[in-house]
Structures are given as C-alpha cells and as structure tokens.
Novice: 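Submitted below is the structure of interest, expressed as structure tokens.
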Amino acid sequence: MRVLLTGAAGFIGSHVRQALVEAGDEVVAIDAMLAAAHGARATVPDGVHQVDVRDPDALAGLLRGVEVVCHQAAVVGAGVSAVDAPAYASHNDLGTAVLLAVMAEVGVRRLVLASSMVVYGEGRYRTADSGPIVPPPRRREDLEAGVFDYRDAATGALLDWMPVGEDSPLLPRSLYAAGKVAQEHYASAWATVTGGSVAALRYHNVYGEYMPRDTPYSGVAAIFRSVLAVGEAPRVFEDGCQMRDFVHVRDVAVANVAAVHAAVPGFVPLNIASGTPISVGAVAELLAQAHGGKQPVVTGEYRPGDVRHIVASPDRAQRVLGFRAAIAPDAGLAEFATAPLRAVAGAGAPQWR
C-alpha cells in the first residue's frame, strides 16, 4: 500500500515509518524539520521530503497515487505559554485543514490521524457506591493540605478514577489539547463531506527510544530519564499517585500499521494505550532503579491546572483494529531507562507566519 506519512522524521513518525516499511508498504515520507522539534542544525533524513503540510502545491504532487495518509505531524506539548497559541493553530489546525483539502481534491479518502488523550482533559471518576460523576475543580486548600484527589461535591468523599472510553466528552485544558480537538473535528467533518474514512488514534503517554530530551515539551518519562542521565533525582509532583497509561512507541507504531490496513467506517476515535495503569511515582521509581540513579523525590508541589488521573480503556482498538499493546509498562520502562534519547535543543514553539 502507498502511504503518505507526515512528521516522518519525528519521534513517533520515525518509528511508524520503520514499521510501515517492515510491513511491506511504500512510504512517501515528509517532515517540515522544524527547529523546535529537531534542532536548528538537523539534517533531513534519507528518503524524507522536507515539506510543510501547510503547502498545498507540494502536497498535491506527493499525494498522487497515495491510498492512505498517516498524519503524525504536529507541534507537540502542553503549550508552555499562551503566546504559543498561534503556532499551535497554524501548524496543527491549519496544517490539518490544508492536508484534508488537498486529499479531497486529489481523491485520497483514507486518513489515520495522530490524536491524543489530552482531548479528554481530566479523567473520569465515580463515587465508591455509584456511577460516573463530574467532579468540581480541586480546591486550593485541599491541594495545600496535600489532599490531591477529587472530592464528591455532595458528600466530600474522595472519588475513585475509572477508565476513559472514546465516547467521553472532549474537554481540552491546554493549547495542544485544543488543537487536537480541532484536528479531530476537521477530520470528522471531512469524512462526512467526502465519504472518507478516519481512524483517530488517541495516544496516551508515549515513551521509548529516541524520545526528545531536556525540553519543556517532553513527556514526563523523558523528563525523568533526562535528569537521571545527569545524575540528578527525578522530582515527582503531588504525592506521585497520579494514574496514567504509558504506551511504548513501538506499540504505537504497530497500531498505526493496523489502522493503515484496516479501513474504518466514517470517523472512529481509538484509545492507543497499554491497558495497564501505573502511577507517575512508580514510573519514576522504575526508571531510577533500572538506570541505577538517585531515587525520586516526591515534592508535594502542585500545579492547579494539572490532570490528576487519566487512564484509558483500550477495548475499542482491539475490536476495531485487532490491536493490543505487547509491551507492559514495567518491562518497557526498564528498557527505556538506558535507551538513547534525542539530544534536541528545543527552540520553543515554532514561528507561525
């Protein structure tokens, strides 16, 4: 199958490219090679076209004969500053809209979209003896007192977390999340208008070899791994009990190959996750032990806008794609503790004009 892969030189994109080639697909690889992602002096990898997805003319030529687009290109991270908003809107939202428009013109009707768990915002909760509940914001006085879990507004009882399904409401809480929601909405509308097919892969906490290091846009696993590499102790916010789902980048690549080869009807969002919840504190401890570094420091510090718990249900991806993650977090994180990272000097959000 002939596949146009965007973001092909990036952390996830490079793994997806390798997996597609190993599956026998013909890959047309493109990447804008933004300094924010690759560093100012990065060279374009062999076989990758340096193309910005906001360039319709370049896209039109490369899309000829393509059967499916696998769209990984994006400015990533939570958005360090509100002034980054135009960069997210330009590269992620406009870029996706341009790509979809050119796909419609050329006649490509299948898309695999890299989305994210961040579209959900906070996770899902329930009381000990009832069903799902939407908690009120955490109170500053609770946070100051070291009570980090949500409380039931009616009873004051602490709430339990529950897995997030794909039909949960989308409540973005960061610039990056807002852009991912917009990308999904554009893709869903495109599928309706064109009769096209979209598999929106909502990645949970992706980690693995050649993850970028030492930037404010890195995931927490890479941040912990980076500080261990320089002999420092990982610093864990709150009480370290925040629950997450960490999924290895090689599993993410496998999920993309499955989505490329399994056309879905219309727009279908899919959690891509390990299915094995783990706390942030346990992640730090696993990495420190496997790396042979200093033990984590649980700081009790908090950021009011942080998500407390978000854990996925991976069942739909198994039903629709036949995908189930193969790498358990304990084994994968132990391997990641000594895996190579990308030594990228992040330049912040890229220019948007």
Novice: Can you find a heavy atom in the side chain of Arg109 that is under 4.5 Å from one in the side chain of Thr194?
Specialist: yes

Novice: Does any N or O in the side chain of Arg342 come within less than 3.5 Å of the main-chain N or O of Met211, such that one atom is a donor and the other an acceptor?
Specialist: no

Novice: Sequence neighbours excluded, which residues qualify as side chain to side chain donor-acceptor pair (under 3.5 Å) partners of Ser274?
Specialist: Asp245

Novice: Can any side-chain N or O of Asp31 pair as donor or acceptor with the backbone N or O of Ala9 at less than 3.5 Å?
Specialist: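 Flag set: sc Asp31 to bb Ala9 pair under 3.5 Å.
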
Novice: Taking all non-hydrogen atoms of both residues into account, name the closest pair between Ala273 and Ala312 and its distance.
Specialist: CB-CB, 3.6 Å

Novice: Kindly compute the distance separating CD1 (Ile327) from CZ (Phe336), expressed to the nearest 0.5 Å.
Specialist: 12.5 Å

Novice: Do Phe11 and Pro212 come within less than 4.5 Å of each other through their side chains, counting heavy atoms only?
Specialist: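 Yes. Closest side-chain heavy atoms under 4.5 Å.
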
Novice: Is the shortest heavy-atom distance from the side chain of Leu62 to the side chain of Val66 under 4.5 Å?
Specialist: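 With C-beta onward as the side chain, the pair stays apart.
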
Novice: Find out whether Arg124 and Pro132 are in side-chain contact, i.e. whether some heavy atom of one side chain is under 4.5 Å from a heavy atom of the other.
Specialist: no

Novice: What are the two closest heavy atoms between Ala258 and Leu321, and how far apart are they?
Specialist: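 The answer is CB-O, 3.9 Å.
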
Novice: Show every salt bridge (charged side-chain N to carboxylate O under 4.0 Å, His left out) that has at least one partner inside residues 286-314, sequence neighbours left out.
Specialist: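 Found Asp149-Arg308, Arg235-Glu301, Glu238-Arg308, Asp239-Arg308, Arg303-Asp306.
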
Novice: Please determine if Asp315 and Arg324 form a salt bridge, counting it only when a charged side-chain N lies under 4.0 Å from a carboxylate O.
Specialist: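 Judged by the 4.0 Å cut-off on N to carboxylate O distance, Asp315 and Arg324 do form a salt bridge.
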
Novice: Would you indicate whether the side-chain heavy atoms of His309 and Pro277 approach each other to under 4.5 Å?
Specialist: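 Counting from C-beta outward, Pro277 and His309 never come under 4.5 Å.
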
Novice: Would you say the side-chain atoms of Ser90 pair up with the backbone N or O of Ala87, donor to acceptor, closer than 3.5 Å?
Specialist: no

Novice: One pair to check against side-chain contact (heavy atoms from CB on, under 4.5 Å): Glu184 and Leu170. What are the steps and the verdict?
Specialist: CA-CA 10 Å; Glu184 286 200 11; Leu170 305 186; 4.1 Å; yes

Novice: If you draw a 6.0 Å radius around CD in Gln50, do more than 12 non-hydrogen atoms from other residues or ligands fall strictly inside?
Specialist: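 Atom CD in Gln50 is crowded, with more than 12 foreign heavy atoms closer than 6.0 Å.
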
Novice: Do Val53 and Ile12 belong to the same hydrophobic cluster, where Ile, Leu, Val, Met, Phe, Trp and Tyr are linked whenever their side-chain heavy atoms lie under 4.5 Å apart, directly or via other members?
Specialist: no

Novice: Quick one, Val69 and Leu63 - any side-chain contact, counting heavy atoms below 4.5 Å?
Specialist: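 Yes; the side chains approach each other to less than 4.5 Å.
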
Novice: What are the two closest non-hydrogen atoms of Val16 and Cys70, and how far apart are they?
Specialist: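 Nearest pair, atom of Val16 first, then Cys70: CG1-SG, 4.0 Å.
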
Novice: Taking the side chain from Glu144 and the backbone from Asp142, do they hold a donor-acceptor pair closer than 3.5 Å?
Specialist: no

Novice: Asp152: which residues meet the side chain to side chain contact (heavy atoms under 4.5 Å, CB included) condition with it, sequence neighbours left out?
Specialist: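 Expected list: Thr127, Ile133, Ala154, Thr155, Leu159.
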
Novice: Considering only residues two or more places apart or on different chains, which pairs with a residue in residues 230-276 satisfy ring-ring contact (aromatic ring centres under 6.0 Å, His included)?
Specialist: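 Every pair satisfying ring-ring contact (aromatic ring centres under 6.0 Å, His included) with a residue in residues 230-276: Tyr207-His248.
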
Novice: CG of Leu201 to CG of Leu113: how many Å apart, nearest 0.5 Å?
Specialist: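 CG of Leu113 is found 7.5 Å from CG of Leu201.
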
Novice: Are Tyr120 and Val181 connected in a single hydrophobic cluster, I mean Ile/Leu/Val/Met/Phe/Trp/Tyr linked by side-chain heavy atoms less than 4.5 Å apart?
Specialist: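 Val181 clusters together with Tyr120.
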
Novice: At what distance, to the nearest 0.5 angstrom, does CZ of Arg110 lie from CE of Met1?
Specialist: 5.0 Å

Novice: Would you say that Val76 contacts Val206 through its side chain, given a criterion of any heavy-atom pair below 4.5 Å between the two side chains?
Specialist: no

Novice: Looking at every heavy atom in both Phe224 and Pro234, which two are closest together, and how far apart are they?
Specialist: CD2-CB, 3.6 Å

Novice: Can you confirm whether more than 12 heavy atoms, excluding those of Phe148, are under 6.0 Å from its CZ atom?
Specialist: yes

Novice: About how many Å separate OH of Tyr203 and CG of Leu270, when rounded to the nearest 0.5 Å?
Specialist: 11.0 Å

Novice: Check step by step if side-chain contact (heavy atoms from CB on, under 4.5 Å) holds for Met243 and Ser279.
Specialist: CA-CA 4 Å; Met243 297 301 294; Ser279 72; 3.8 Å; yes

Novice: I need the Asp25 CG to Arg2 CZ distance, nearest 0.5 Å.
Specialist: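 Separation between the atoms: 11.5 Å.
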
Novice: Please name the pair of heavy atoms, one in Thr6 and one in Gln72, separated by the smallest distance, quoted to 0.1 Å.
Specialist: OG1-N, 2.9 Å

Novice: Once rounded to the nearest 0.5 Å, what's the spacing between atom CE of Met162 and atom CZ of Arg126?
Specialist: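 Answer rounded to 0.5 Å: 5.0 Å.
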
Novice: So which heavy atom on Met33 is nearest to which on Ala42, and how close?
Specialist: CE-CB, 4.1 Å

Novice: For Arg140, check side chain to side chain donor-acceptor pair (under 3.5 Å) against everything at least two apart and list the hits.
Specialist: Tyr302

Novice: Under 4.5 Å between side-chain heavy atoms, hopping through other hydrophobics if needed: is there a path connecting Val220 to Leu287?
Specialist: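 Cluster IDs for Val220 and Leu287 match.
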
Novice: Indicate yes or no: at least one non-hydrogen side-chain atom of Leu59 is less than 4.5 angstrom from one of Val106.
Specialist: no

Novice: Determine whether Leu111 and Val260 fall in the same hydrophobic cluster, where Ile, Leu, Val, Met, Phe, Trp and Tyr are linked whenever their side-chain heavy atoms lie under 4.5 Å apart.
Specialist: no

Novice: Carefully, step by step, assess Thr96 and His71 under the rule side-chain contact (heavy atoms from CB on, under 4.5 Å).
Specialist: CA-CA 8 Å; Thr96 298; His71 184 30; 3.1 Å; yes

Novice: Using the rule that Ile, Leu, Val, Met, Phe, Trp and Tyr join whenever any side-chain heavy atoms are under 4.5 Å apart, tell me whether Val236 and Leu228 fall into a single cluster.
Specialist: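 Yes, Val236 connects to Leu228 through the hydrophobic network.
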
Novice: If you apply the rule side-chain contact (heavy atoms from CB on, under 4.5 Å), what do you find for Tyr210 with Ser14, and how did you get there?
Specialist: CA-CA 9 Å; Tyr210 299 110; Ser14 59; 5.8 Å; no

Novice: List the residues meeting side chain to side chain donor-acceptor pair (under 3.5 Å) with Asp52, not counting sequence neighbours, and say none if there are none.
Specialist: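 Only Arg54 meet the side chain to side chain donor-acceptor pair (under 3.5 Å) criterion with Asp52.
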
Novice: Taking NZ, NE, NH1 and NH2 as the nitrogens, is one of them in Glu122 or Arg138 under 4.0 Å from a carboxylate oxygen of the other?
Specialist: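 Looking at Glu122 and Arg138, the cut-off is not met.
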
Novice: When you measure from the side chain of Glu166 to the backbone of Asn271, do you find a donor-acceptor pair of N or O atoms at a distance under 3.5 Å?
Specialist: yes

